[in-house]
Amino acid sequence: MTRRVAAAVLAGVLLALAWCGPASAHGADAPVAANYRVVVGEVSVPGVTVRAVEGGARLELTNASGRQVTVLGLQGEEFLRVRPGGVDENRRSPTWFASRSLTGTARGGDARATPEWHTIATEPVVRWHDERARDLPPRAWSVPLLVDGRDPGIVRGTIVPAPAPRTGWWWAGALVAAVLVAGLYRWRWALVAVAVVAGGLSVAWIVGSAALATSPADALGTQLLARLWPFVTGAGVVAAGIGLALRRIDIVVAIAGACLAVMVGFAESAVFRDGVLAGPAWGRWAVASALAGGLGLAVAGALRWYRTVGTDD
């Protein structure tokens, strides 16, 4: 009977891992890391600043000039209009369709059509995906502007490779830490602490990344919704740790740890490979803790359940 139950639980863990696959682990369209750096060099319009955000996934333009600044699109059409009182987007612009995703694969619009303006913000700040300032190889890029409908302007910059972190060391450190956590399976309170710390760091990193990705058009709630499953997984591990402090729920801890390792550890492991992080600078530590803590809790929880089921600490 015990073996049949163990097999059923193992099947449940495998199903959970399949459901929590990397393909659905990260809902945000910006990558967690990139192997290139977008550098903004020159903005010709006084009072207008442009910077790369979200690891270079988007450009952010802030207009403090008191004038109307129009961002021209890939075909020279009017794409975004940044006024002192807000931002409008032209939903007939082909660039508007392309900017709906990081890859720029969406097609539509007509560059020759009369602009169809829709207000998306009440502050003169806007962020958007721009194919002209994305990805390697190293090169120069530019985005043309139009000031007050008549004066030309331009944003110039470059794309340069970003040195990779010591990828092997991050993986090795996380896996060694996972073995150490698994070795704590006899001590319930140690596993409680690991669950709360690993899950809490994951939640803090996800919230921090969402906060850095917010804009006048995308509130914090929108960005958190795009990262819903990793957020729920991290919170679930914290809850499992608290539950373990109150009662024996070893197999729940094992499943929660496995999901954390997959949905945050493995799914976001690009932070170990690429040099520019889209979120907080300590993101590698958060992902490493999710990987180490998740794998360790999965093994420790399974061992506790199999070896000590029906007994109390």
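Predicted model, so just to flag it, every value in this text is computed and none were measured.
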W96 backbone acceptor or donor facing R100 side chain under 3.5 Å
yes

Interatomic spacing from CG in L291 to OG in S269 - rounded to 0.5 Å:
8.0 Å

If you take all heavy atoms of V82 and N63, which pair is closest and at what distance?
O-ND2, 2.9 Å

Check against side chain to side chain contact (heavy atoms under 4.5 Å, CB included), E78 and L72
CA-CA 5 Å; E78 293 180 284; L72 300 183; 4.3 Å; yes

Residues in salt bridge (Lys or Arg N to Asp or Glu O under 4.0 Å) with D88, at least two apart?
R81, R83

Donor-acceptor side-chain pairing of S93 and E77 below 3.5 angstrom:
yes

Atom pair OG1 (T214) and CD (E54), whose distance is rounded to the nearest 0.5 Å:
9.0 Å

Any chance you could measure T233, atom OG1, to L228, atom CG, to the nearest 0.5 Å?
8.5 Å

For atom CZ of R37, decide whether the heavy atoms of other residues, nucleotides or ligands shown that lie under 6.0 angstrom number more than 12.
no

Would you check if the side chain of S99 reaches a backbone N or O of T95 as a donor-acceptor pair within less than 3.5 Å?
yes

Ring centers of F272, W171 separated by less than 6.0 Å:
yes

Is the shortest heavy-atom distance from the side chain of V143 to the side chain of I154 under 4.5 Å?
no

Taking 4.0 angstrom as the limit, do E89 and R127 come out as a salt bridge?
no

To the nearest 0.5 Å, what is the distance between CG on L224 and CG on L220?
4.5 Å

Tell me whether D148 is salt-bridged to R67, with the criterion being a basic N under 4.0 Å from an acidic carboxylate O.
yes

With a 6.0 Å cut-off (strictly less than), is the heavy-atom count around CH2 of W282, excluding the residue itself, greater than 12?
yes

I need the minimum non-hydrogen distance between A290 and V264, along with the two atoms involved.
CB-CG1, 3.6 Å

Of all heavy-atom pairs between Q75 and A111, which one has the smallest distance, and what is that distance?
OE1-CB, 3.5 Å

Joint cluster assignment, L136 & W141, ILVMFWY side-chain distance < 4.5 Å:
yes

Can you check side chain to side chain contact (heavy atoms under 4.5 Å, CB included) on V276 and N35, steps first, answer last?
CA-CA 6 Å; V276 177; N35 63 351; over 6 Å; no

Non-hydrogen atoms of A254 and A302 that approach each other most closely
CB-N, 3.6 Å

Over all atoms of both residues, closest heavy-atom pair of A292 and A177
CB-CB, 3.6 Å

Check whether any side-chain heavy atom of V39 sits under 4.5 Å from a side-chain heavy atom of V160, and report yes or no.
yes

Side chains of V53 and R51: closer than 4.5 Å at any heavy-atom pair?
yes

Taking atom CD of E268 and atom OG of S209, what is their separation to the nearest 0.5 Å?
8.5 Å

List the steps and the verdict of side chain to side chain contact (heavy atoms under 4.5 Å, CB included) for V155 and R132.
CA-CA 11 Å; V155 181; R132 293 165 288 197; over 6 Å; no

Atom pair OG1 (T114) and CZ (R92), whose distance is rounded to the nearest 0.5 Å:
6.5 Å

W305, W187: one ILVMFWY side-chain cluster at the under-4.5 Å cut-off?
yes

Side-chain hydrophobic cluster, 4.5 Å single linkage: members besides L303
Y185, V299

Side chain to side chain contact (heavy atoms under 4.5 Å, CB included), that's the test. Do V87 and W128 meet it? Break it down for me.
CA-CA 12 Å; V87 178; W128 75 98; over 6 Å; no

Compare all side-chain heavy atoms of W170 with those of R273 and state whether any distance is below 4.5 angstrom.
no

Do L212 and Q223 have side chains that get closer than 4.5 Å, going by heavy atoms?
no

Evaluate the side-chain proximity of P230 to I206: yes if any heavy-atom separation is below 4.5 Å, no if none is.
yes

Hydrophobic clusters here meaning ILVMFWY residues chained together by side-chain heavy-atom distances under 4.5 Å, can you tell me if V69 and L146 are in one?
no

For the residue pair L59 and V38, establish whether any side-chain heavy-atom pair is separated by less than 4.5 Å.
yes

For the hydrophobic clusters of this structure (ILVMFWY residues joined by side-chain heavy atoms under 4.5 Å, transitively), does one cluster hold both W285 and V237?
yes

Distance-only, no hydrogens or angles: does the S215 side chain make a donor-acceptor pair with backbone N or O of V126 under 3.5 Å?
no

More than 12 heavy atoms of other residues, nucleotides or ligands under 6.0 Å from OH of Y36: yes or no?
yes

Residue pair R284 / D274: nearest heavy atoms and the distance that separates them
NH2-O, 2.8 Å

Can you tell whether the side chains of D250 and R188 come within less than 4.0 Å, N to carboxylate O?
no

Under 3.5 Å, is there a donor-acceptor pair linking the side chains of H118 and E116?
yes

Using the rule that two of Ile, Leu, Val, Met, Phe, Trp, Tyr join whenever any of their side-chain heavy atoms come within less than 4.5 Å, decide whether L201 and V181 are in one cluster.
yes

Are the side chains of L80 and T70 in contact, using a 4.5 Å heavy-atom criterion?
no

